[in-house]
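Written out below as structure tokens is the structure these notes cover.
In what follows, chains are A, B, ... by sequence order, proteins preceding strands, each numbered from 1.
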2 protein chains.
Amino acid sequence: MRAPTQHSITYMAGARPHGGCLTCKMHFRCLPRGLNERDTVRVEGLLQTRRQLKCGEYLYQAGDRCDTIYAVKTGCLKTHVCDEHGYEQVTGFQMAGDLLGMDGIGLRAHDFNLVALEDSEVCALPTARLDELPPELETIRRYLHEVMSGYIVRDHNAMIMLSKMRAEERLAAFLLDLSRRFAALGYSSSEFNLRMSREDIGSYLGIKIETVSRMFSQFQERKLIDVKNRHVCILDSVRLQRIIGRSLPSKQRRVG
Amino acid sequence: MRAPTQHSITYMAGARPHGGCLTCKMHFRCLPRGLNERDTVRVEGLLQTRRQLKCGEYLYQAGDRCDTIYAVKTGCLKTHVCDEHGYEQVTGFQMAGDLLGMDGIGLRAHDFNLVALEDSEVCALPTARLDELPPELETIRRYLHEVMSGYIVRDHNAMIMLSKMRAEERLAAFLLDLSRRFAALGYSSSEFNLRMSREDIGSYLGIKIETVSRMFSQFQERKLIDVKNRHVCILDSVRLQRIIGRSLPSKQRRVG
DNA sequence: CGGACCCTTGAAGAGTTTCAAGAGTGGTGG
DNA sequence: CCACCACTCTTGAAACTCTTCAAGGGTCCG
């Protein structure tokens, strides 16, 4: 199920990438909305290069110096972290248009590992160059703030999932999230290939691989999805959606 | 167990706070390390005012406009979020020196709710004023980046806890974290009052209130802690520490 | 003193993990 | 091209952990 690299262009380190942000189908996700053409070209000038990653290759690992922000151009990656006790967990999956590497801006060293789940291509922006931004490109810096706080929001949703949902709900939420993300990239929302293993899914959802497998089978039996290996068809997104929230107590206790 | 407000000064909105950051015992946590006296005063000039919060009072709620960053001066608060399905969860507890309100910088609206667990006092910095910062105070803006990425790291640790630890480990990790934080503030690391209810703890740890209670009792029986209502003594932090990591499989599967 | 609220405890039950075995898949080399 | 191997995934049964339900005790405050 390892998708072949879509582009096989390679660049020398430091070389200006071919056809820049303006021609990239993902620029509407990497760059702030409403950035004019002239400024887009200027941002592009800050970009160091693209980088090709083979499936399984690390873009960076926890502890590496953090001096670059990345944008996924093609492919799919996962982030995973390890705590001081040796517990390890997948914290997210990144696809085209997602920005990466902001976890260590403060620390100057990365907090987590970033590895390609299939052959991928990323654009690199050295953080040092952010300081070169002229005042009129303040938008860019502000945009990075936005993306970072978006991370926080996304992590909070993940925390709720990990804390409150049952296995069934977790997998349903996961599939629907993927579906939405594929749709946002212009792909089919009802049929797609999983780039990650059951083990990765389990780690991300906080359940064991056997449970992931059982839930897939159960969904298939209930005709909610059709799944064969890593190929998934969403057959009934409405009922899938309805699964989420089922374990809520009827008399909901508010924590506030 | 509701601690009385330590200072009962009140300020009119917009008034310059009494004795500013320089005299505040927490400035070493709110402000970047190594900020000189002159610059500290300049930052102080950006501060709008302090704000008093009664126990149970909200500083802001999800959806509120996000235009201010806060620093906790005294007291304790909790953040809690609600997802689209109605699930709700406490995502963290904030004490003196912690910075708050950065969750919504990108969104211009807050993602979560912030409520005082005891009478508290916070300093407010309108985000609009951040743009007034002269270039030589770039440190400040960078510091906010750091704090934000610190949030991400902290959330990831919380995710590992929610995903991989058993109830016993969660409570142990929680108590040790509190202990460390109190120590960092100059208070006793072995004896402190919990500001939050069992319900809050359970929500934060992703376990039910009954389980929290059982674990407290169990720890007490094993002479790891001494607990009476919300007063906690850590009797054996070494063994408490050793609880964490117990449920790791001996042959550790690496996700990478 | 009474009531509200928070906390504790027990017993039964649900959900997930663990352990174990086996099937399917993809890659390699004869 | 097939056999073989490593790896991933699936499935079942038993064990375990946590939750649910229920009841009662404690504490604080009017």
Side-chain angles (χ1 to χ4, degrees), chain A residues 1-4 54-56 87 90 117-118 161-172 193-203 205-221 225-232 243 246-256, chain B residues 1-4 55-56 87 117-118 161-172 193-203 205-221 225-232 243 246-256:
Chain A
M1 209 46 55
R2 292 170 182 175
K54 289 259 161 250
C55 174
Y87 284 107
V90 172
L117 292 173
E118 60 182 344
M161 182 216 37
L162 289 171
S163 159
K164 301 285 193 297
M165 292 186 183
R166 295 177 319 163
E168 189 190 44
E169 299 179 85
R170 296 182 192 202
L171 189 61
N193 283 318
L194 300 173
R195 267 69 173 184
M196 64 296 285
S197 68
R198 301 287 194 269
E199 174 113 33
D200 285 334
I201 297 174
S203 175
L205 297 180
I207 54 185
K208 288 283 170 275
I209 180 174
E210 294 94 330
T211 307
V212 174
S213 192
R214 274 184 250 274
M215 289 303 144
F216 266 121
S217 304
Q218 198 201 95
F219 283 179
Q220 171 134 293
E221 215 156 283
I225 63 170
D226 199 57
V227 57
K228 171 87 174 135
N229 301 324
R230 294 192 181 180
H231 186 83
V232 175
I243 287 177
R246 269 195 2 193
S247 65
L248 271 174
S250 47
K251 178 195 67 169
Q252 190 182 335
R253 297 182 216 153
R254 304 226 54 145
V255 190
Chain B
M1 208 49 53
R2 292 171 183 176
C55 173
Y87 286 107
L117 291 173
E118 59 183 343
M161 185 224 22
L162 289 172
S163 160
K164 300 286 193 297
M165 291 185 184
R166 294 179 318 166
E168 188 190 45
E169 299 180 86
R170 296 182 192 201
L171 189 61
N193 284 318
L194 300 172
R195 266 70 173 185
M196 64 295 285
S197 68
R198 300 288 192 269
E199 174 115 31
D200 285 335
I201 297 174
S203 174
L205 297 180
I207 52 184
K208 288 283 170 276
I209 181 174
E210 293 94 331
T211 307
V212 174
S213 192
R214 274 184 249 275
M215 289 301 142
F216 266 121
S217 303
Q218 199 200 95
F219 283 179
Q220 170 134 295
E221 217 156 281
I225 64 170
D226 199 56
V227 56
K228 171 85 175 138
N229 300 325
R230 296 192 181 181
H231 186 81
V232 175
I243 287 177
R246 259 207 209 168
S247 62
L248 271 174
S250 47
K251 177 196 67 167
Q252 190 182 335
R253 296 183 217 155
R254 304 225 57 144
V255 190

Over how many whole Å does the gap from [X] atom [atom1] to [N] atom [atom2] extend?
X: B/N193; N: D/dT27; atom1: CG; atom2: C1'; result: 15 Å
X: B/H231; N: D/dG26; atom1: NE2; atom2: C1'; result: 18 Å
X: B/L205; N: D/dC18; atom1: CG; atom2: P; result: 12 Å
X: B/K208; N: C/dG13; atom1: NZ; atom2: C1'; result: 15 Å
X: B/M165; N: D/dT17; atom1: CE; atom2: P; result: 17 Å
X: B/E169; N: D/dT17; atom1: CD; atom2: P; result: 11 Å
X: B/R166; N: C/dT18; atom1: CZ; atom2: P; result: 10 Å
X: A/Q218; N: D/dC9; atom1: CD; atom2: P; result: 19 Å

Where protein sits on nucleotides 7-12 of chain C, one letter per nucleotide: B base, S sugar-phosphate only, - none, heavy atoms under 4.0 Å: SBBBB-
Check [X] against [Y] and note the closest heavy-atom contact, atom names and distance.
X: A/C55; Y: A/L117; answer: SG-O, 3.4 Å
X: A/S247; Y: A/K164; answer: OG-O, 3.7 Å
X: B/G206; Y: A/S163; answer: CA-OG, 3.4 Å
X: B/G202; Y: B/V212; answer: CA-CG2, 3.5 Å

C/dG24 phosphate, OP1 or OP2, under 4.0 Å from A/K228 side-chain N/O: no
The helix from C/dC1-D/dG30 to C/dG30-D/dC1: angle between end helix axes, five pairs per end, rounded to 10 degrees: 30°
Derivation and outcome, side chain to side chain contact (heavy atoms under 4.5 Å, CB included), residues A/I243 and A/L171: CA-CA 10 Å; A/I243 287 177; A/L171 189 61; over 6 Å; no
Approximate separation, where rounding is to 0.5 Å, of B/I225 CD1 and B/Q220 CD: 6.5 Å
Ion pair A/E210/A/K208, N-O distance below 4.0 Å: no
Stepwise side chain to side chain contact (heavy atoms under 4.5 Å, CB included) check, B/F219 with B/V227: CA-CA 9 Å; B/F219 283 179; B/V227 56; over 6 Å; no
B/M165: partners by side chain to side chain contact (heavy atoms under 4.5 Å, CB included), with sequence neighbours left out: A/D83, A/H85, A/Y87, B/M161, B/E169, B/R170, B/A173, B/I244
